[in-house]
Number of protein chains: 2
Amino acid sequence: MSNMTDQLKAARRAKGLKQAELGKKLGLPQSHVSKIEQGSTDPRLSTIVDWARVLDLEPMLIPRQMVSRIRALVNGEPEPERRWQPDEESES
Amino acid sequence: MSNMTDQLKAARRAKGLKQAELGKKLGLPQSHVSKIEQGSTDPRLSTIVDWARVLDLEPMLIPRQMVSRIRALVNGEPEPERRWQPDEESES
DNA sequence: TATGTAAATATATTATTACATATAATTATG
DNA sequence: CATAATTATATGTAATAATATATTTACATA
């Protein structure tokens with residue numbers, strides 16, 4: 001689903017948390033965590049923000065032109081040094 | 001309210017858009033744009049993502065330890081997050 | 001392999017809330 | 001003031017979130 005919920009699911013697993021454990025930290029039932037991770041529901045902003053923070057992530061709004069640079073930083077890649085390929089920004 | 005909706009409100013104004021114009025681009029009624037900007041409702045993730053993208057912003061999840069560096073980049077500031085540089089190295 | 005059992009995740013049903021439509025209030029401008 | 005332009009509020013409907021239950025997965029042990 002939304003790339004963001006996929007990331008959050010991956011982040012939960014990376015921390016070794018079960019859906020129920022995460023749910024408890026967030027005050028959400030496990031069943032919700034399941035639905036959100038499956039992409040079978042469109043969660044509220046506050047839910048996503050809380051979720052991210054529990055996993056030491058912060059949602060930020062990044063100007064489109066900076067997205068690939070910042071993504072590289074976050075992924076620990078060594079600054080691709082791209083020469084303006086005409087089209088880079090494909091996202092769902 | 002949530003820092004993020006404040007940012008989105010500011011971004012709309014920076015582009016000189018009225019609530020109704022933004023709403024049209026998003027397929028949302030103006031009344032709903034109003035509620036979200038006032039913080040009197042907790043919008044869905046998809047709404048915020050669409051909203052951001054219309055304003056050339058992309059929501060991203062940033063690891064906590066990188067937040068201030070990235071915020072500096074985004075705001076065009078000159079890296080305020082130096083950690084105990086014993087003395088300021090010459091910087092161009 | 002088959003079975004038992006517990007842990008982990010998914011689904012069903014009901015309650016709460018975002019969103020749509022219509023209208024009102026506010027702010028700007030002549 | 002009057003009138004228009006912009007933003008806020010009221011009420012009904014569709015979707016998310018809560019509660020309870022079911023299903024799937026993992027790991028035993030015979």
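Naming convention: chains lettered A, B, ... in sequence-line order (proteins, then strands); numbering from 1 in each chain.
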Colleague: What nucleotide among D:dA17, D:dT7, D:dA18 has an atom nearest to a side-chain atom of A:P29?
Modeller: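 Side chain of A:P29 sits closest to D:dA18.
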Colleague: Between A:K15 and A:D56, does the side-chain contact (heavy atoms from CB on, under 4.5 Å) criterion hold? Intermediate values first, please.
Modeller: CA-CA 10 Å; A:K15 294 237 172 200; A:D56 299 314; 2.6 Å; yes
Colleague: How bent is the helix from C:dT1-D:dA30 to C:dG30-D:dC1, comparing axes over its five end pairs at each side, to the nearest 10°?
Modeller: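 Taking five pairs per end, the axes differ by 40°.
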Colleague: Please list all pairs meeting side chain to side chain donor-acceptor pair (under 3.5 Å) that have one or both residues in residues 17-28 of chain B, counting only residues at least two apart or in different chains.
Modeller: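 Of all non-adjacent pairs touching residues 17-28 of chain B, those that pass side chain to side chain donor-acceptor pair (under 3.5 Å) are B:Q19-B:Q30, B:Q19-B:E37.
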Colleague: Are A:L17 and A:L55 close enough that some pair of their side-chain heavy atoms sits under 4.5 Å apart?
Modeller: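 Side-chain contact under 4.5 Å: yes.
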Colleague: First contact, last contact: which nucleotides of DNA chain C are these for chain A, 5' to 3', heavy-atom distance under 4.0 Å?
Modeller: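 Contacts span C:dA8 to C:dA18, reading 5' to 3'.
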Colleague: Would you say the side chain of B:L73 lies within less than 4.5 Å of the side chain of A:L73, judging by non-hydrogen atoms?
Modeller: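 Yes, side chains in contact.
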Colleague: Show, in sequence, the C-alpha distance, side-chain angles and deciding distance for B:N3 and A:V49, and conclude whether the side-chain contact (heavy atoms from CB on, under 4.5 Å) test is met.
Modeller: CA-CA 11 Å; B:N3 184 17; A:V49 172; over 6 Å; no
Colleague: Check salt bridge (Lys or Arg N to Asp or Glu O under 4.0 Å) between A:D50 and all other residues, then give those that pass, not counting sequence neighbours.
Modeller: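 For A:D50, no residue satisfies salt bridge (Lys or Arg N to Asp or Glu O under 4.0 Å) once neighbours in sequence are set aside.
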Colleague: Any N or O donor-acceptor pair linking the side chain of B:Q30 to the base of D:dA8 at under 3.5 Å?
Modeller: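 Indeed, a donor on one side and an acceptor on the other fall under 3.5 Å apart.
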Colleague: Within the 4.5 Å heavy-atom criterion, are A:H32 and A:T47 side-chain neighbours or not?
Modeller: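 A:H32 vs A:T47: side chains apart.
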Colleague: Under the 3.5 Å rule, do the base of D:dT19 and the side chain of A:S31 count as making a donor-acceptor pair?
Modeller: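 Indeed, a donor on one side and an acceptor on the other fall under 3.5 Å apart.
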Colleague: Please report, rounded to the nearest Å, how far the P atom of D:dA10 is from the NE2 atom of B:H32.
Modeller: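 After rounding, the reported distance stands at 15 Å.
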Colleague: With a 4.5 Å cut-off on side-chain heavy atoms, are A:L8 and A:I36 touching?
Modeller: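 No. Closest side-chain heavy atoms not under 4.5 Å.
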Colleague: Scan A:T47 against the nucleic acid and name what it touches under 4.0 Å (heavy atoms): base, sugar-phosphate only, or nothing.
Modeller: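 Sugar-phosphate contact only - A:T47 comes under 4.0 Å of backbone atoms but never of a base.
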Colleague: Tell me which of B:R44 and B:R12 sits closer to the 5' end of DNA chain D, going by the nucleotide each one is nearest to.
Modeller: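 That would be B:R12.
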Colleague: Are A:T5 and A:I48 packed together at the side-chain level, in the sense that at least one heavy-atom pair is separated by less than 4.5 angstrom?
Modeller: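 Of all side-chain heavy-atom pairs linking A:I48 with A:T5, at least one is under 4.5 Å.
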Colleague: Could you tell me which residues satisfy salt bridge (Lys or Arg N to Asp or Glu O under 4.0 Å) with B:R13, sequence neighbours excluded, listed by chain and number?
Modeller: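 Checked B:R13 against salt bridge (Lys or Arg N to Asp or Glu O under 4.0 Å); zero matches.
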Colleague: Only one of B:M60, B:E58, B:M4 forms a side-chain contact (heavy atoms from CB on, under 4.5 Å) with A:L61, so which one is it?
Modeller: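 Single side-chain contact (heavy atoms from CB on, under 4.5 Å) partner of A:L61 among B:M60, B:E58, B:M4: B:M4.
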Colleague: Where along residues 17-28 of chain B does a heavy atom fall under 4.0 Å from DNA chain D?
Modeller: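 Correct list: B:K18, B:Q19.
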Colleague: Rounding to an integer number of Å, can you tell me how far B:I36 CD1 sits from D:dA8 C1'?
Modeller: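 After rounding, the gap between these two atoms is 14 Å.
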Colleague: At under 4.0 Å between heavy atoms, what does B:R13 touch on the DNA or RNA strands: base, sugar-phosphate, or nothing?
Modeller: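 It contacts nothing in the nucleic acid.
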Colleague: Between D:dT7 and B:S34, is there an OP1 or OP2 to side-chain N/O distance shorter than 4.0 Å?
Modeller: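 The answer is no; no side-chain N or O of B:S34 sits under 4.0 Å from OP1 or OP2.
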